[in-house]
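Worksheet: the structure to be examined is printed underneath.
Below, read A as the first sequence line, B as the second, and so on, with proteins coming before strands; counting in each chain starts at 1. The model shown is predicted, which means the values in this text are computed figures rather than measured ones.
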There are 2 protein chains.
Amino acid sequence: MQQPTIADVAKISGVSTATVSRALSGTGRVSDKTRKRVQKAASELGYTGNSIARALRSKHSGIVGMIVPSISNPFFTALVESVEHELLRVGKTLFLCDSQGDVALEARRLQSFQESHVDGILVSPCHGIDSVTALNLIPKSTPVVQLDQFVVGTATDWVGIDDEQAMDLVLTHAAERGAKNAVFVSSASTNSSAQARLAGFLKFAEVYDIRVGPDDIRLGRFSVDWGEEVGALLLAQPALPDVIVCGADVIAFGIIRAFTAAGISLPGQVMITGFDDVAFASIITPSLTTVRQPTRLLAAEAVRMLSRRPSEETITHAKVAFTPELIIRESTARLTPR
Amino acid sequence: MQQPTIADVAKISGVSTATVSRALSGTGRVSDKTRKRVQKAASELGYTGNSIARALRSKHSGIVGMIVPSISNPFFTALVESVEHELLRVGKTLFLCDSQGDVALEARRLQSFQESHVDGILVSPCHGIDSVTALNLIPKSTPVVQLDQFVVGTATDWVGIDDEQAMDLVLTHAAERGAKNAVFVSSASTNSSAQARLAGFLKFAEVYDIRVGPDDIRLGRFSVDWGEEVGALLLAQPALPDVIVCGADVIAFGIIRAFTAAGISLPGQVMITGFDDVAFASIITPSLTTVRQPTRLLAAEAVRMLSRRPSEETITHAKVAFTPELIIRESTARLTPR
DNA sequence: GTGAAAGCGCTAACAA
DNA sequence: TTGTTAGCGCTTTCAC
C-alpha cells in the first residue's frame with residue numbers, strides 16, 4: 001500500500017481530516033480523548049505526514065537552506081556544524097548546498113531553495129560582485145542572511161567578523177616579533193572578506209612600518225594548491241620575507257608544505273600566519289598562528305536574524321561584525337637572527 | 001506582488017494553465033509560436049515555478065538527500081563533493097544533512113527527507129545496529145543507497161570498499177617494512193566498516209606473523225581527539241609498537257600530534273598508517289601512508305544505483321565493493337634500528 | 001495543439 | 001470541540 005494520508009487516519013479514528021490535522025499538529029482545540037485516538041491511529045498506520053502538501057498549504061516548510069562556496073574548506077564545515085546546532089534548538093532542518101565557487105551554480109542552488117519555499121536562506125556568497133544578480137532575485141518574503149562574505153548592492157542582513165581589525169591583530173603581532181617586511185597571500189576573488197583583508201593588511205603594514213613591495217601581494221584562491229604555488233614562487237626569489245600573511249589557513253598549509261619539502265626552517269627562516277583557525281591549524285608542523293573566527297557566535301546570530309519577524313514595511317537590514325581573536329602558535333616564534 | 005504563478009503566465013500569454021505547463025516543462029506537444037509566447041510572458045513576470053506544488057502533483061522533486069555522520073570529517077566532504085558532481089550531470093540537486101553520529105538525529109533527518117519526498121536518499125549510517133529501525137521505516141518507493149557503511153538487517157543497495165583487502169594492503173606493507181608487532185586504533189561504533197577493518201586487521205596480522213597483544217586494540221571514535229587520547233596512552237607504556245594502524249586518517253592525525261609534542265621521532269621510532277587519504281594526509285609531518293578510498297567511483301556508482309529503475313517486484317539489492325589503494329608516504333619509512 | 005477539469009495531501013476559514 | 005468546504009500551484013487525463 002501507498003504511504004498513508006491524513007484521510008486514512010481520519011477514517012480509522014472516525015473523525016474528520018481537519019481534526020486529525022489539528023490533533024497531530026497541536027494547533028487548535030482538540031479534546032484529549034480525540035487526540036489520543038488520532039495519535040493511536042496514526043502510529044498504527046505509520047503515518048508520517050507529507051511535508052510537501054503541508055508546505056504548499058501553509059507556506060512554510062521548516063527548512064532552512066544554506067549555501068557555501070566550498071564544503072571542503074574546513075572553515076565552512078565548522079560554520080555549518082554550528083548553524084545546524086542552532087537550528088536544532090528552533091526545530092528547523094538544514095539543507096546544505098555547495099556552490100563550488102561558481103556564480104552560476106550558486107544561482108541555481110538559490111533558485112532551488114526558493115522554489116522549495118524554504119523558510120530562510122543562509123549564504124556565503126562566492127563572488128562580491130557577480131553574486132548580486134542571483135541574490136536580488138530572491139523575493140523579499142524569504143529571509144536571507146549573508147554570512148562571512150557580503151555582496152555589495154544587496155539588501156540583506158549580514159554576519160561576519162571585522163576583517164580590518166583582524167589584520168591589525170596579525171600585523172601588530174608580526175611587528176612585535178620583528179617583522180620588517182611582509183608578503184600577503186590571499187584570494188583574488190572580489191568578495192568582501194578578501195578585499196577587506198587586503199585593505200586592512202596594506203593599512204596596518206604602513207602603520208607598523210612593515211615594508212610591502214609591489215610583488216608582495218599574491219592573490220589567487222582560498223585553497224591549499226594556491227598556497228603551494230605561491231610557496232614555489234617565493235622559494236625562487238633571492239630572499240624570503242620576514243612574515244607571510246595568509247588570507248586563509250588552507251593557503252598557509254600549502255605554503256608550509258612547499259617550504260617543508262624544500263627544507264626551509266619554519267619559523268626560523270620565515271614566519272607565517274593563517275586566517276580562520278580551522279582544526280588542522282593546531283596539528284600542522286609548525287602549528288599555525290592564525291585569526292580565529294567565532295563560528296558559534298556567527299551561527300547563532302545568523303539563525304537569530306533569520307527568525308526575526310519582519311517587523312515593519314521599512315525593513316532595515318543589520319550588519320553584525322564580531323571581534324576576531326589572534327591565536328598565537330609556533331609559526332610566528334621569533335626569527336633566528338641572520 | 002506575490003510570486004507569479006502559472007495562472008498569471010497563462011493570463012498574460014492568453015492560453016490555458018495546462019498549455020503553460022506543457023510549454024515550460026517541455027512535455028507534450030505545443031506549437032513553437034505558443035511556446036515562444038509563453039516563455040516570453042514567463043520571463044517578463046519573473047516566473048520561477050513552485051517546486052512544492054510540482055512535487056505534490058508529480059510525485060518527484062528533483063532532489064536527492066544525503067546524510068553523513070560528520071560533515072567535519074574530510075573523507076565525507078570529499079564524498080559529498082563527488083556526489084554533487086555526479087548529480088549535476090543528471091540535473092538533480094543535493095540536499096545534505098549531518099547526523100552528528102547520533103542515531104536519533106539520523107532518524108529525524110531521514111524522516112525529513114521522506115516527508116519532503118526526495119527522489120532518493122544516500123546515507124552513510126552512523127550505527128551498524130541501531131540505524132536499522134530508521135532505515136527500515138523508509139518506504140520501498142524511495143530508493144536508498146548506503147555508502148561506506150552498511151547496516152545489517154536492511155534491504156538497500158550498498159557501495160563501499162573492500163575493507164578486508166585494505167587491511168591486507170596495510171599489513172603486507174608494514175611487514176615488509178619490518179613490523180613485528182602492531183597496535184590498531186579505530187572506532188568502537190559497531191558499524192560495518194569499523195568491524196570489517198578490525199576483522200581484517202586481526203586476520204592479516206596473524207597471516208603475516210605480526211604480534212597483537214590484548215591491549216593493542218584501541219577502539220574509540222573516528223576523530224582527532226580520540227587519536228590524541230590513544231597517543232597519550234601509548235606514550236605511557238614502557239615500549240612503543242613497531243606500527244600503529246589507524247581506522248581513519250583523523251585518528252592518525254591525533255596520534256601524530258601527541259607524539260610530536262612528546263618529541264617522538266616519526267617514523268624513526270614508530271610507523272603509523274591512516275585510512276581514507278584525506279587531503280591533509282599529504283600535508284602533515286610526517287606525510288601519512290594511508291588507504292585511499294576512490295570517492296569519485298563510489299559517488300558515481302551510488303548515483304547510478306539511485307536512478308536505476310526498480311525493474312521488478314523481485315527487487316534484489318546490489319552490494320558493490322571497490323578495490324582500495326595503498327598510498328605510501330613518509331610515515332612508514334623504515335624504523336631506525338634499535 | 002489546446003482547454004477544461006480533476007485532483008495531489010494538507011490546513012485554515014467558517015459553520016455548527 | 002468538531003465537521004464542511006475551499007483552495008495552495010501545479011500536472012495530467014480526457015475531450016475537442
Side-chain angles (χ1 to χ4, degrees), chain A residues 1-39 41-42 45-63 111-112 114-119 139 141, chain B residues 1-39 41-42 45-63 111-112 114-119 139 141:
Chain A
M1 142 153 178
Q2 287 294 46
Q3 284 275 87
T5 75
I6 204 170
D8 299 319
V9 179
K11 199 183 297 171
I12 293 217
S13 49
V15 296
S16 74
T17 61
T19 302
V20 173
S21 173
R22 283 187 284 249
L24 260 30
S25 70
T27 61
R29 276 145 296 277
V30 181
S31 74
D32 269 11
K33 208 178 120 200
T34 316
R35 184 191 314 282
K36 288 240 165 57
R37 202 144 40 96
V38 169
Q39 285 171 338
L45 260 64
Y47 172 81
T48 56
N50 179 330
S51 62
I52 299 275
R54 193 180 354 252
L56 178 59
R57 183 63 232 235
S58 65
K59 305 292 182 197
H60 47 85
S61 59
I63 288 167
Q111 181 158 344
S112 283
Q114 183 196 331
E115 291 186 8
S116 297
H117 284 240
V118 295
D119 293 347
S141 48
Chain B
M1 142 152 177
Q2 287 293 48
Q3 284 274 88
T5 74
I6 203 170
D8 299 318
V9 180
K11 199 183 298 172
I12 294 217
S13 49
V15 295
S16 74
T17 60
T19 303
V20 173
S21 172
R22 283 187 285 251
L24 259 29
S25 69
T27 60
R29 278 143 296 277
V30 180
S31 76
D32 269 11
K33 208 176 118 201
T34 314
R35 184 189 315 282
K36 288 238 165 56
R37 204 146 36 98
V38 170
Q39 286 170 338
L45 260 63
Y47 172 79
T48 55
N50 179 330
S51 61
I52 299 276
R54 193 179 355 255
L56 179 61
R57 184 62 231 238
S58 65
K59 305 292 179 196
H60 47 85
S61 59
I63 289 168
Q111 179 157 345
S112 282
Q114 182 197 333
E115 291 186 10
S116 297
H117 284 242
V118 296
D119 292 349
S141 48

All N/O pairs under 3.5 Å across the protein-nucleotides 3-5 of chain D interface:
residue: D:dG3; atom: OP2; partner: A:Ser16; partner atom: N; Å: 2.8
residue: D:dG3; atom: OP2; partner: A:Ser16; partner atom: OG; Å: 3.2
residue: D:dG3; atom: OP2; partner: A:Thr19; partner atom: OG1; Å: 2.7
residue: D:dG3; atom: N7; partner: A:Arg22; partner atom: NH2; Å: 2.8
residue: D:dG3; atom: O6; partner: A:Arg22; partner atom: NH1; Å: 3.2

Check your understanding: Should B:Thr34 and B:Arg22 count as side-chain neighbours, where that means a heavy-atom distance under 4.5 Å?
Key -> no
Study note, to complete from the structure: Taking C:dG1, D:dG9, D:dC10 as options, the one with an atom nearest any side-chain atom of A:Lys59 is D:dG9
Practice item. Counting heavy atoms from C-beta on, name the nucleotide in C:dG1, C:dC10, D:dG9 closest to the side chain of A:Ala53. Key: C:dC10
Exercise for review: Please examine the side chains of A:Tyr47 and A:Leu24, heavy atoms only from C-beta on, and report whether any two atoms are closer than 4.5 Å.
Suggested key: yes
Revision key, fill the gap. The bend of the helix from C:dG1-D:dC16 to C:dA16-D:dT1, taken between the axes of its five terminal pairs at each end and rounded to 10°, is 30°
Practice item. With the side chain counted from C-beta on, respond yes when B:Ser116 and A:Ile63 share a heavy-atom pair under 4.5 Å apart, and no when they do not. Key: yes
Check your understanding: Looking across every strand, which nucleic acid part, if any, lies under 4.0 Å from A:Thr27 by heavy atom: base, sugar-phosphate, or nothing?
Key -> nothing
Review point. Can you check the A:Arg57 CZ to D:dC8 C1' distance for me, whole Å?
Key: 6 Å
Point to revise | Side-chain N or O of B:Ser21 closer than 4.0 Å to phosphate OP1/OP2 of D:dT11 | key: yes
Point to revise | For atom NE2 of B:His117 and atom C1' of C:dG9, their distance in whole Å | key: 9 Å
Check your understanding: Of the nucleotides C:dT11, D:dC8, D:dT2, which one has an atom closest to the side chain of A:Val30?
Key -> D:dT2
**Study point:** B:Glu115 backbone acceptor or donor facing A:Ser51 side chain under 3.5 Å
**Key:** yes
Exercise for review: Quick one: label B:Arg54 by what it contacts on the DNA or RNA (base, sugar-phosphate, nothing), any heavy atom closer than 4.0 Å.
Suggested key: sugar-phosphate
Check your understanding: Touch check for A:Ser25, heavy atoms < 4.0 angstrom, all strands: base, sugar-phosphate only, or nothing?
Key -> nothing
Review point. Do you know the tightest heavy-atom contact between B:Val9 and B:Val38?
Key: CG1-O, 3.9 Å
**Study point:** Closest non-hydrogen atom pair, B:Ala53 against A:Leu56
**Key:** CB-CD1, 3.8 Å
Exercise for review: Check whether any side-chain nitrogen or oxygen of A:Ser31 sits under 4.0 Å from OP1 or OP2 of D:dT2, and answer yes or no.
Suggested key: yes
Practice item. Please tell me which of B:Arg37 and B:Ser58 maps to the more 5' nucleotide of DNA chain C, matching each residue to the nucleotide holding its nearest heavy atom. Key: B:Arg37
